[in-house]
Amino acid sequence: MNAALGTATVLLVGNPNVGKSTLFNHITGARQRVVNAPGTTVALTEGSWRVEGVDVTLVDLPGTYSLIARSPDEQVAADAVADPRRGLAVVVLDATALSRSLYLLGQVARAGRPVVAALTMTDLARARGLGPDTAALAGALGVPVVEVDGRTGAGTRALADAIASALSTPPRVSGIEPQAADHELGDELTHAQQLFDWVEGIADAALPVGEARESWSDRVDKVLLNPWAGIPAFLAVVWAVFQLTTGVAAPLMDGAAALVDGPVTAAATWLLGTLHAPAWLESFAVGGLVAGVGAVASFIPLMAIMFASVTVLESSGYLARVAVVADRAMRAVGLDGRAMLPLIVGFGCNVPALSATAVLPHARQRLLTGLLVPLTSCTARLTVYLLLAETFFPRHAGTVVFGIYVVSIVLVVLFGLVARRTVLRDARPEPLIIVLPDYQRPHLRTLALGVRARTVSFVRKAGSVIMVAIAALWVLQAIPVRGGHDLADVPLEDSVYGATAMAVAPVLAPLGLDDWHIAASLVSGVAAKEVTVGALAQSYALEDPAGGSAVALEDQVRATVEASSGGSPGAAGLAFMVFVLAYLPCMATLAEQRRLFGWRWTAGAALSQLAMAYLLAAAVFQVGRLL
Amino acid sequence: MSGVLGAVVERLAGGETPRAAARALGIPVDLAEAAAAECERLGLVMRAGAACGTCAPGRTVACAGCPFAG
């Protein structure tokens with residue numbers, strides 16, 4: 001046994017799926033035991049192997065692509081390689097992805113380990129024309145390289161010979177100086193640069209010269225990532241999504257609304273009647289919950305189609321391209337490109353988008369992006385746009401909703417520009433660098449799972465947040481403020497809810513929306529945007545318990561706005577949508593903003609946003625009524 | 001940044017995939033992919049879909065209703 005190494009422990013190191021464990025199993029057979037890595041719950045397999053008369057303990061380390069660990073498994077591998085008490089490392093190289101394997105080998109050598117290389121998958125590599133020249137590889141590395149096949153055991157005797165020789169004369173990799181472990185990012189980056197240059201040199205020496213051809217993914221990218229074609233293409237895609245969503249979903253929504261308002265309402269009424277439930281309970285259950293939740297539930301088919309579209313765009317790799325194109329546009333106007341990803345997330349839900357601002361390195365950039373996030377139109381607001389677009393612009397609903405999203409993007413850019421040139425003048429824009437995947441055809445199963453998960457998530461929220469909010473609104477509707485009524489037996493206009501809504505409604509007159517139903521839905525929407533449509537439906541249902549279906553809701557909204565706008569319902573409908581887009585974030589978003597940026601920035605931004613939304617919506621109505 | 005790692009990152013910043021970067025630089029595809037992966041470990045680049053920190057490793061209440069939360 002050699003004294004220089006002091007131990008006959010040999011580490012088996014390699015990337016995941018290179019055949020490392022297959023080789024280990026073939027070599028050690030039944031002579032294995034499972035142990036926990038020191039101080040962890042990560043299981044390691046050790047086996048004994050007799051090499052040229054010497055007993056060797058072979059340790060099968062978890063597969064990793066790098067010694068800069070990202071998981072407990074990878075950390076165990078990194079720690080084992082860095083442990084100066086450990087001896088020889090057998091690095092398993094994948095011949096079909098040799099450069100990637102060589103980078104890990106370089107890191108192992110830099111950690112001071114003597115190395116023997118075991119080359120796997122050579123048959124597959126040669127079949128693809130990628131087969132390395134093993135002798136040239138060994139010459140360039142300066143250490144033994146042995147072709148092995150863990151499935152058949154081919155090459156294991158030669159590997160044993162190489163290990164026996166290495167135990168007596170530790171082989172060192174050419175061109176790499178052993179270093180202490182890195183702790184500074186700058187050191188790690190410098191060493192990574194050096195190692196990749198080293199890998200390129202080894203690959204040049206050992207790999208055949210390949211001729212890479214342009215793929216169809218590259219050809220598509222030439223168009224979709226082109227600065228002039230990329231943004232129009234994106235807008236066209238979004239427009240098509242809304243056309244598809246509104247066109248296909250309309251009959252499904254009508255069906256869902258008819259189901260809720262017909263059999264579901266009848267069943268609830270029958271059940272409560274059978275149980276001799278008091279009138280207030282029937283009012284709460286049928287007029288409150290069924291009307292409110294049912295109005296939102298009728299959007300489920302539409303949301304499913306929307307989620308399917310987003311999932312297709314996401315899994316095909318297109319959404320990542322959008323981030324790259326938008327990044328360039330953002331930087332062109334002086335905004336930080338890395339803000340794009342939180343803002344894109346904001347179009348799903350503002351709350352996680354605020355959390356995602358953590359990817360930005362500077363506090364001022366996080367603040368600027370966090371203040372812009374509420375202007376990105378989340379999917380909860382989509383239900384309001386769709387109701388209003390179908391009500392006022394039934395033949396162009398998709399285009400109108402698309403237009404609202406364009407307004408959302410324009411507001412983000414304008415607000416960003418104003419902030420960049422005023423309160424956040426010292427923020428420094430930097431690019432977003434994203435690793436783009438090749439385009440992929442979405443798998444049907446993945447698509448189905450994604451749509452199901454997202455739709456269930458939407459339904460759960462409709463079933464929890466909205467139900468709680470509707471219940472709270474019903475309580476407010478049951479408390480009298482005038483007229484000497486009893487609790488829970490009060491006309492809507494004399495309740496806390498109705499009186500508050502009626503007090504707010506005149507403020508909305510310049511928007512053409514001076515109506516208490518609308519005022520009530522907007523105030524309720526601050527709790528959660530999903531509540532807006534439900535509150536609107538509930539207010540009509542409680543006022544007129546004989547009211548109709550979701551189609552009737554559209555008719556009721558149209559009649560209300562027709563009256564409040566003085567005969568310009570289209571202009572008032574647009575103003576309604578613009579106001580919903582920008583007026584105030586929901587409570588969860590406000591709470592997250594306050595947590596991240598403090599109440600002063602949150603309150604200031606919310607009030608500015610409210611004022612801007614009011615002025616913008618008023619302008620839309622006042623100009624629109626003249627056209 | 002310099003060397004092959006810097007060249008790959010420059011290509012990625014220009015909106016190329018690792019495969020396209022490898023072709024343009026005349027290096028093996030797995031070398032470009034390894035460079036991209038190592039830069040991601042070092043926090044220099046982002047992988048598509050890794051934007052929202054609340055989505056990983058587990059979903060939170062904040063993700064309810066978010067279409068980007070699988």
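Just so it is clear: chains get the letters A, B, ... in the order the sequence lines come, proteins before strands, and each one is counted from 1. Side-chain atoms are counted along with the backbone in the values below, which use heavy atoms only and exclude waters and symmetry mates.
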Does the B/Asp30 side chain pair with the main chain of A/Arg100, one donor and one acceptor, at a distance under 3.5 Å? yes
Ignoring hydrogens and angles, tell me if any N or O in the side chain of A/Gln107 forms a donor-acceptor pair with the backbone of A/Leu67 under 3.5 Å. yes
Between B/Arg19 and A/Asp218, is there a side-chain N and carboxylate O pair less than 4.0 Å apart? no
Cut-off 4.5 Å, heavy atoms of chain A, and the answer for B/Ile27 is side chain
Less than 4.5 Å to any heavy atom of chain A: does that hold for the side chain of B/Val9, its backbone, both, or neither? both
Is there a side-chain contact (heavy atoms from CB on, under 4.5 Å) between B/Leu31 and A/Tyr103? Walk through the geometry before answering. CA-CA 8 Å; B/Leu31 178 56; A/Tyr103 181 71; over 6 Å; no
Between A/Ala203 and chain B, which part of the residue has a heavy atom less than 4.5 Å away: side chain, backbone, both or neither? side chain
What residue, out of B/Cys39, B/Ala32, B/Ala20, has the most heavy-atom pairs lying under 4.5 Å from chain A? B/Ala20
Part of A/Arg452 within contact of chain B (heavy atom distance under 4.5 Å): neither
Look at the side chain of A/Ser71 and the backbone N and O of A/Glu74, then say whether any donor-acceptor pair between them is shorter than 3.5 Å. yes
Would you check if the side chain of A/Ser309 reaches a backbone N or O of A/Ile305 as a donor-acceptor pair within less than 3.5 Å? yes
Which of the residues A/Asn15, A/Leu207, A/Asp438 is involved in the greatest number of heavy-atom pairs with chain B at under 4.5 angstrom? A/Asp438
Under a 4.5 Å cutoff for heavy-atom pairs, which residue among A/Val324, A/Asp197, A/Val451 has the most contacts with chain B? A/Asp197
Okay, A/Leu225 and chain B: the region with an atom under 4.5 Å from a heavy atom over there is side chain
On the six-membered ring of A/Tyr65, is A/Arg70 placed so that its NZ or CZ lies under 6.0 angstrom from the centre and within 45° of the ring axis? no
Only pairs of heavy atoms separated by less than 4.5 Å count here; which of A/Ser217, A/Ala97, A/Ala192 has the most with chain B? A/Ala97
